[in-house]
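Treat the numbers as computed from the prediction; the structure is a model and nothing was measured. Residue numbers start from 1 in every chain, and the chains themselves are labelled A, B, ... in the order their sequence lines are given, proteins ahead of strands. Side-chain atoms are counted along with the backbone in the values below, which use heavy atoms only and exclude waters and symmetry mates.
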Amino acid sequence: MEKKLMLIDGHSILNRAFYALPDMTNSKGLHTNAILGFLNIMFKFLDEEKPTHFAVAFDLSAPTFRHEMFKEYKGTRKPMPEELREQVPVIKEVLKAMDIPLMMEEGYEADDLLGTMSVIGEQEGYQVRIISGDRDLLQLATENVQIRIPKTKGGGNVVEDYFAEDVMETYGVTPKEFIDMKALMGDASDNIPGIPGIGEKTAAKIIKEFKSIENAYEHIEEVMPKRAKNKLEEFYDQGVLSKELAAIKLDCPIELSFDDAKLNDIFTGEAYQLLKQLEFKSVLKRFDGEHGEEFSVNLKKVSELDEADRIFSKAKKCKAAGLAVYHEQEYTSLGLCIEGTDTFLFQTEGFLTRDYLIGQAGELYRTVPRVSMMNVKEFLDELSLSEDDKSIFDAALAAYLLNPLKSTYEYDDISRDYLGIMLPSKKELLDKKKSIFEEGKLLPEGEQIIGYEAYVACACIGPLRKKLMETGMLSLYEEIEIPTMVALHDMEVRGIHVDRKALKEYGDQLIGRIEELRELIYKEAGEEFNINSPKQLGVVLFEHMKLEGGKKTKTGYSTSVDVLEKIEHLYPIISYILEYRQLTKLKSTYADGLANYISDDERIHGKFNQTITATGRISSTEPNLQNIPARVELGRAIRKVFLPEEGYTFVDADYSQIELRVLAHLSGDKNLIHAYELEQDIHARTASEVFGVPIGQVSSIQRRDAKAVNFGIVYGLSAFGLSQDLKITRKQAQEYIDKYFETYPKVKEYLNREVEKGKKEGFVTTMFQRIRPIPELKSSNFMQRNFGERVAMNSPIQGSAADIIKIAMIRVNMELKKRKLKSRLILQIHDELLIEAHDSEVEEVKEILTREMMSAAKLSVPLSIDIHTGNSWYEAK
DNA sequence: CCGATCACG
DNA sequence: ACGTACGTGATCGGT
């Protein structure tokens with residue numbers, strides 16, 4: 001059998017992987033992207049090459065001169081980012097656990113070890129493959145030594161392969177001559193001086209002709225061009241030195257024997273454990289079952305009624321249970337886990353009807369102190385649950401509070417983060433299948449999913465509650481989030497009435513003008529194209545028509561509003577485009593988009609999501625009812641089709657500047673608090689202070705600017721952002737900011753304090769102890785860190801406001817229900833509540849809204865609301 | 001499936 | 001010198 005030696009240039013590949021993959025951490029916060037990328041590259045080449053021998057080379061100490069690590073920085077000696085540095089010892093540990101030899105020698109660089117090993121290998125009759133991202137290694141290529149350079153190219157991964165002849169073909173020089181070329185050119189990042197004034201082109205020309213520096217020097221008179229000749233003559237010694245530096249050493253003392261490098265089974269138990277801690281599911285899949293006492297749920301299938309009865313009555317006596325419920329048409333599957341030990345699976349069959357199963361599940365809530373599910377909101381109705389049921393536990397909601405930055409809160413996420421158990425996800429188990437059912441039968445994968453879900457829901461109760469307690473968020477969870485879930489559920493069920501016909505008419509009325517604008521745009525452009533395509537539009541505007549103000553972004557020209565508005569006064573086509581954009585947006589997203597969501601009851605039942613935002617706000621989908629047009633009249637008009645049901649009236653209440661009031665409270669700034677105590681126009685007041693004019697003489701422009709500054713403060717102000725918004729210079733923006741902070745000094749102190757706290761603790765909190773982790777503050781990337789600082793300033797403000805409206809929402813909703821009113825809460829739009837009030841209850845509803853919203857939190861400034869009624873959402877706002 | 005754009009607070 | 005306002009979701013075009 002052919003002997004094949006594969007070598008990996010450790011730091012080089014690790015470095016490649018680090019920059020190729022997006023930032024990634026495991027649940028303990030360890031950065032893992034480079035390790036994962038390295039392993040994927042390693043496996044790819046192992047699969048491809050099937051080597052008999054394998055080793056990885058590393059520089060022993062921190063990389064010194066000739067190293068890829070620094071080249072990414074084009075010669076500037078920035079240190080390795082911390083995010084990468086911490087991964088270096090870990091990958092070494094993983095490789096050791098895989099029984100893969102590491103080549104490291106004090107005083108030698110990885111290149112030298114690779115070079116020496118490849119020479120010996122070739123002498124011993126091996127085929128040698130060297131995997132590296134570093135082109136310098138090309139000098140090692142021979143007939144039997146291939147350099148393989150993985151690259152990312154246009155989304156895909158490609159490999160450049162070089163035997164000696166490939167180097168010849170690509171560069172026109174032999175691998176050995178490659179050294180001379182580099183010696184002539186020099187390389188700042190490797191500290192190789194080279195010959196000044198000789199670059200890649202000249203170097204190639206000289207070496208092609210004379211084969212080496214020495215030979216070129218011997219024939220110095222023939223060296224062309226003249227300039228190169230003179231330089232070579234003058235700096236010859238430096239060139240020879242450079243050659244020494246550029247040449248990879250081929251004679252290192254290497255302790256590693258080929259026996260040691262023999263490729264053994266890398267799928268060891270030790271490696272399995274490490275990869276599990278790293279949470280590399282995809283890599284773990286390569287291991288066959290025997291290594292990790294694989295976690296499994298002992299799922300007991302129950303099909304007899306008397307057995308089911310026995311289990312449910314036993315369950316009713318327990319302390320904690322977990323449920324997982326899935327429906328498909330008339331079929332229902334129910335997973336039940338008792339005390340985190342016994343897990344059962346029930347399905348609709350025989351005497352086990354849906355009514356029985358769901359009825360029993362609902363019963364558990366009456367006797368078991370804690371019943372846990374993953375997303376209870378969807379099941380509140382069928383389980384007959386309300387905000388009064390204290391046994392409700394929602395694992396997803398608890399996990400969201402503990403880390404609101406996750407994208408999903410499925411059982412596998414929670415199991416990994418809070419139980420330390422890696423489970424296959426729903427997605428992985430189902431693979432391509434879209435449902436856990438097939439032809440009314442629960443698939444075997446479905447059984448597993450339900451088993452895992454019920455188990456995790458139950459087993460995580462303890463850990464999650466403990467963490468909620470430790471972080472001081474238990475009462476936030478119990479008193480705000482759980483009741484909020486009920487209120488959201490109520491709103492989803494109720495929906496909002498939409499006049500289908502009026503919506504259609506609204507859309508139709510846009511068509512004519514859209515067509516007209518399209519023609520005008522084609523006429524101005526002198527060609528027809530897809531106006532909706534930013535790419536085509538950019539080309540037409542800035543290339544064909546040669547309008548000024550082009551360029552931006554990597555994908556082409558930016559055609560966003562702020563770019564177009566700058567040149568709007570110069571060209572009529574720009575106004576047409578802006579209007580066209582506005583109208584088509586209204587047509588496709590709102591007129592047509594909303595129409596698709598109107599149910600048979602003529603209402604839209606959107607979803608309100610409680611585990612999406614990083615700050616604690618609610619989000620709205622299918623459709624998004626929180627971004628219905630309001631700012632521009634034409635768009636705002638769409639609110640005329642949102643109507644109360646016959647006999648009802650809309651009552652709409654929104655907080656007035658809740659975020660600024662929260663800021664006044666949190667900062668304790670006397671001046672700001674005083675302004676609100678006097679119920680002054682805060683923007684005018686700010687303008688007066690910042691621009692130094694009496695409050696009565698503030699111009700509308702000054703007020704507008706001050707308003708932008710106030711907004712900016714809440715967003716974590718930067719001079720640049722403000723200057724963009726107000727279309728002023730950065731210097732001016734900075735002056736506004738400085739004056740603002742002079743006026744409200746405590747605000748500045750407060751914002752700084754939050755940033756400091758974020759840096760120290762890794763997170764910031766709201767008035768009600770909601771946490772927002774800010775990993776960006778630890779980033780070595782300037783921009784990321786900057787972003788983190790703004791987040792630290794904004795999150796407590798936006799988050800506290802979100803807490804407050806949740807409280808108001810809960811109380812309003814409960815009060816309406818408690819008083820058995822016909823009126824109902826139907827929408828929440830961040831600082832606004834919309835109620836469909838029975839005509840006879842309008843005054844009572846207004847009182848409830850006013851009282852509950854204003855008293856939702858006790859701040860050092862009053863909370864104030866605007867409240868309106870109307871026969872459409874348009875009128876009520 | 002991602003980026004650009006734009007709707008909201 | 002860097003290249004930014006905070007938080008969302010839907011639609012479209014283009015890969």
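Look at CD on Q582(A): it is 11 Å from C1' on dA7(B), rounded to the nearest Å. In this structure, the CZ atom of F529(A) is 15 Å from the C1' atom of dC12(C), given to the nearest Å. Atom pair R631(A):CZ and dT5(B):P shows a separation of 18 Å (rounding to whole Å applied). Atom CH2 in W873(A) sits about 11 Å away from atom P in dC8(B), given to the nearest Å. Residue Q784(A) contributes atom CD, which lies 12 Å from atom P of dT4(C) at whole-angstrom precision. Note: CD (E789(A)) to P (dA5(C)) measures 16 Å, nearest angstrom. One atom, CG of D725(A), and another, P of dA5(C), lie 11 Å apart when rounded to the nearest Å. Rounded to whole Å, atom C1' of dC8(B) lies 13 Å from atom CG of L594(A).
Using a 4.0 Å heavy-atom criterion, one finds that E832(A) contacts no nucleic acid atom at all. Within 4.0 Å (heavy atoms only), G716(A) reaches no atom of the nucleic acid at all. Heavy atoms of A792(A) sit nowhere under 4.0 angstrom from any nucleic acid atom. T584(A) comes within contact range of no nucleotide atom at all, as no heavy-atom separation falls under 4.0 Å. Nucleic acid contact for N530(A): sugar-phosphate only, since backbone atoms but no base atoms lie under 4.0 Å from a heavy atom of the residue. If you check every strand for non-hydrogen atoms under 4.0 Å, R581(A) touches sugar and phosphate atoms only. Using a 4.0 Å heavy-atom cutoff across all strands shown, S718(A) reaches at least one base atom of the nucleic acid. Using a 4.0 Å heavy-atom cutoff across all strands shown, S795(A) reaches no nucleic acid atom at all. Looking at heavy-atom distances under 4.0 Å, N624(A) makes contact with sugar-phosphate atoms alone, never a base. Using a 4.0 Å heavy-atom distance criterion, A614(A) is classed as a sugar-phosphate-only contact. At a threshold of 4.0 angstrom between heavy atoms, the contacts of N786(A) include nucleobase atoms, whether or not backbone atoms are also involved. Heavy atoms of F787(A) sit under 4.0 angstrom from primed sugar atoms or phosphate atoms, though from no base atom. Looking at heavy-atom distances under 4.0 Å, I829(A) makes contact with sugar-phosphate atoms alone, never a base. Counting any heavy atom pair closer than 4.0 Å across all strands shown, Q536(A) reaches sugar-phosphate atoms only and no base atom.
Classification of R518(A) and E528(A) as a salt-bridged pair fails, no side-chain N sitting under 4.0 Å from a carboxylate O. Salt-bridge check for R785(A) with E776(A): failed, with every basic side-chain N at 4.0 Å or more from each acidic carboxylate O. Of the charged side-chain nitrogens involved, at least one lies within less than 4.0 Å of a carboxylate oxygen, so that E492(A) and K377(A) count as a salt-bridged pair. At a threshold of 4.0 Å, the pair D562(A)-K566(A) does not count as salt-bridged, since none of the basic side-chain nitrogens sits closer than that to a carboxylate oxygen. Between R513(A) and E579(A), at least one side-chain N (NZ, or NE/NH1/NH2) sits under 4.0 Å from a carboxylate O, which counts as a salt bridge.
Below 30°, between 30° and 60°, or above 60°: for F542(A) and Y557(A) the angle between ring planes is between 30° and 60°, a tilted geometry.
The main-chain N or O of Y874(A) is never found under 3.5 Å from a side-chain atom of R639(A) such that the two would form a donor-acceptor pair. Of the possible donor and acceptor atoms, one in the side chain of E83(A) sits under 3.5 Å from a partner among the backbone N and O of S780(A). Distance alone, capped at 3.5 Å, is enough to place a donor-acceptor pair between the D499(A) side chain and the A502(A) backbone. Side-chain N or O atoms of R661(A) include one that pairs as donor or acceptor with a backbone N or O of P862(A) at under 3.5 Å.
Ranking dG9(B), dG3(C), dC6(B) by closeness to the V561(A) side chain, first place goes to dC6(B). Nearest to the side chain of K877(A), among dG9(B), dC6(C), dT5(B), sits dG9(B). Checking dC12(C), dG9(C), dT4(C) against the side-chain heavy atoms of N532(A) singles out dC12(C) as nearest. For N627(A), taking side-chain heavy atoms from C-beta onward, the closest of the listed nucleotides dC8(B), dT5(B), dG7(C) is dC8(B). Taking only side-chain atoms of H830(A), from C-beta outward, the nucleotide of dA10(C), dG9(B), dC8(B) with the closest atom is dG9(B). Taking the side chain of T621(A) as heavy atoms from C-beta on, and the options dT4(C), dG9(C), dG7(C), the nearest nucleotide is dG9(C). With distances taken from any side-chain atom of A630(A) to the nucleotides dC8(B), dA4(B), dT11(C), the minimum falls on dC8(B).
Taking 4.0 angstrom as the limit, S560(A) places none of its side-chain polar atoms (N or O) nearer than this to OP1 or OP2 of dC6(B). Regarding contacts with the backbone of dC6(C), a side-chain N or O of R790(A) is found under 4.0 angstrom from either OP1 or OP2. Dashed line: the shortest gap from a side-chain N or O of S619(A) to OP1 or OP2 of dG9(C) is under 4.0 Å. Phosphate contact (OP1/OP2 of dG9(C), side-chain N/O of T613(A), threshold under 4.0 Å): absent. Using a 4.0 Å cut-off, some side-chain N or O of K535(A) falls inside it from OP1 or OP2 of dT15(C).
Only at 4.0 angstrom or more do the heavy atoms of residues 772-782 of chain A sit from any atom of DNA chain B, so none qualifies.
Across the P atoms, dA5(C) and dC6(B) are found 14 Å apart, a figure rounded to whole Å. Using C1' as the reference atom, dA7(B) and dC2(C) are 31 Å apart when rounded to the nearest Å.
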- Secondary structure of DNA chain C per the Watson-Crick/G-U criterion (both distances under 3.5 Å; [ ] crossing, | other strand, . unpaired) is .....|||||||||.

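Under the 4.5 Å side-chain criterion, counting only non-hydrogen atoms from C-beta, L503(A) is not in contact with Y590(A).
Few gaps surround NZ on K433(A); more than 12 heavy atoms of other groups in view lie less than 6.0 Å from it.
Checked against the 6.0 Å centroid threshold, Y740(A) and Y736(A) do not count as a close aromatic pair.
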